[in-house]
*Asks:* 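One structure follows; several queries about it will come next.
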Amino acid sequence: SAKCATSSPVLRYALPAKKWHWRLRASALHAAQTLPSPLPHAAPHTTLFATSMFNLAELLALRPDLVPAHKVVYFHENQFAYPTRRSDRTGEEDRDWQFGHAQVLSALVADVCAFNSEWNMRSFLV
């Protein structure tokens with residue numbers, strides 16, 4: 001289950017570290033319903049810090065009250081460059097492009113994109 005701690009000026013929303021495919025596809029909907037509305041802190045002074053495995057664009061579409069917040073996305077891996085497996089049936093690369101698409105959308109709505117390495121940044125931006 002999700003955790004949403006509000007006892008300090010930092011509001012932390014986190015999901016268990018498992019089933020990342022489903023987290024990337026559904027966590028924005030879950031966060032939109034779980035995060036307090038309105039946020040306990042003034043939106044212009046709020047920073048949303050998200051991992052690249054969270055669809056920030058979907059969250060903002062579902063929660064327009066969060067749009068004024070400063071938005072930072074941290075990219076620890078690039079789904080377009082992530083190694084894939086070969087399909088047993090066809091022998092071709094088996095990649096779900098939706099994950100990379102979600103990362104592009106998050107980058108487009110972010111004010112700041114941070115990367116864990118120069119290689120990761122270049123592989124995403126090129």
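For reference, positions follow the sequence shown, starting with 1.
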*Asks:* Can you tell me how far apart OG (Ser52) and CD (Glu77) are? Round to the nearest 0.5 Å.
*Replies:* 6.0 Å
*Asks:* Out of curiosity, Thr46 OG1 to His70 NE2, how far, rounded to the nearest 0.5 Å?
*Replies:*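 If I round to the nearest 0.5 Å, the distance is 11.5 Å.
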*Asks:* Do Val109 and Leu35 share a hydrophobic cluster, counting only Ile, Leu, Val, Met, Phe, Trp and Tyr and linking them when any side-chain heavy atoms are less than 4.5 Å apart?
*Replies:* yes
*Asks:* For Pro64 and Pro68, which heavy atoms make the closest approach, and how far apart are they?
*Replies:*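 Smallest heavy-atom distance, with atoms named: O-CD, 3.8 Å.
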*Asks:* Through direct or indirect side-chain contacts below 4.5 angstrom among Ile, Leu, Val, Met, Phe, Trp and Tyr, which residues connect to Leu29?
*Replies:* Leu62
*Asks:* For the atom pair CG (Leu108) and NZ (Lys71), what is the distance rounded to the nearest 0.5 Å?
*Replies:* 12.5 Å
*Asks:* Working to the nearest 0.5 angstrom, can you tell me the gap between Tyr13 OH and Leu48 CG?
*Replies:*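 That separation rounds to 13.0 Å.
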*Asks:* Rounded to the nearest 0.5 Å, what separates atom CZ in Phe124 from atom CZ in Phe115?
*Replies:*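 Reported to 0.5 Å precision, the distance equals 5.5 Å.
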*Asks:* Looking only at heavy atoms, which two atoms of Pro36 and Arg63 are closest? And how far apart?
*Replies:* O-NH2, 2.9 Å
*Asks:* Answer yes if Met121 and Val73 sit in the same cluster of Ile, Leu, Val, Met, Phe, Trp and Tyr residues linked by side chain heavy atoms under 4.5 Å apart, and no otherwise.
*Replies:*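 Yes, because Met121 and Val73 connect within a single hydrophobic cluster, where side-chain heavy atoms sit under 4.5 Å apart.
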*Asks:* Taking the side chain as every heavy atom from C-beta outward, state whether Ser27 and Asn55 have any pair of such atoms under 4.5 Å apart.
*Replies:*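 The answer is no, as the side chains (C-beta and beyond) never meet within the 4.5 Å cut-off.
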*Asks:* With a 4.5 Å cut-off on side-chain heavy-atom distances among I, L, V, M, F, W and Y, is there a chain of contacts connecting Leu60 to Val112?
*Replies:*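 The answer is no; the residues belong to distinct hydrophobic clusters.
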*Asks:* Without swapping roles, check the side chain of Ser106 against the backbone of Leu56 for a donor-acceptor pair under 3.5 Å.
*Replies:* yes
*Asks:* Is the backbone N or O of Phe54 less than 3.5 Å from a side-chain atom of Arg23, with the two atoms forming a donor-acceptor pair by type?
*Replies:*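 Not at all, since once roles are kept as given, no pair shorter than 3.5 Å links the two residues.
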*Asks:* So, do Met53 and Phe99 sit near enough that their side-chain heavy atoms are less than 4.5 Å apart?
*Replies:*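 Sidechains of Phe99 and Met53: no contact.
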*Asks:* How many angstroms lie between atom CG of Leu15 and atom CG of Leu24, to the nearest 0.5 angstrom?
*Replies:* 11.5 Å
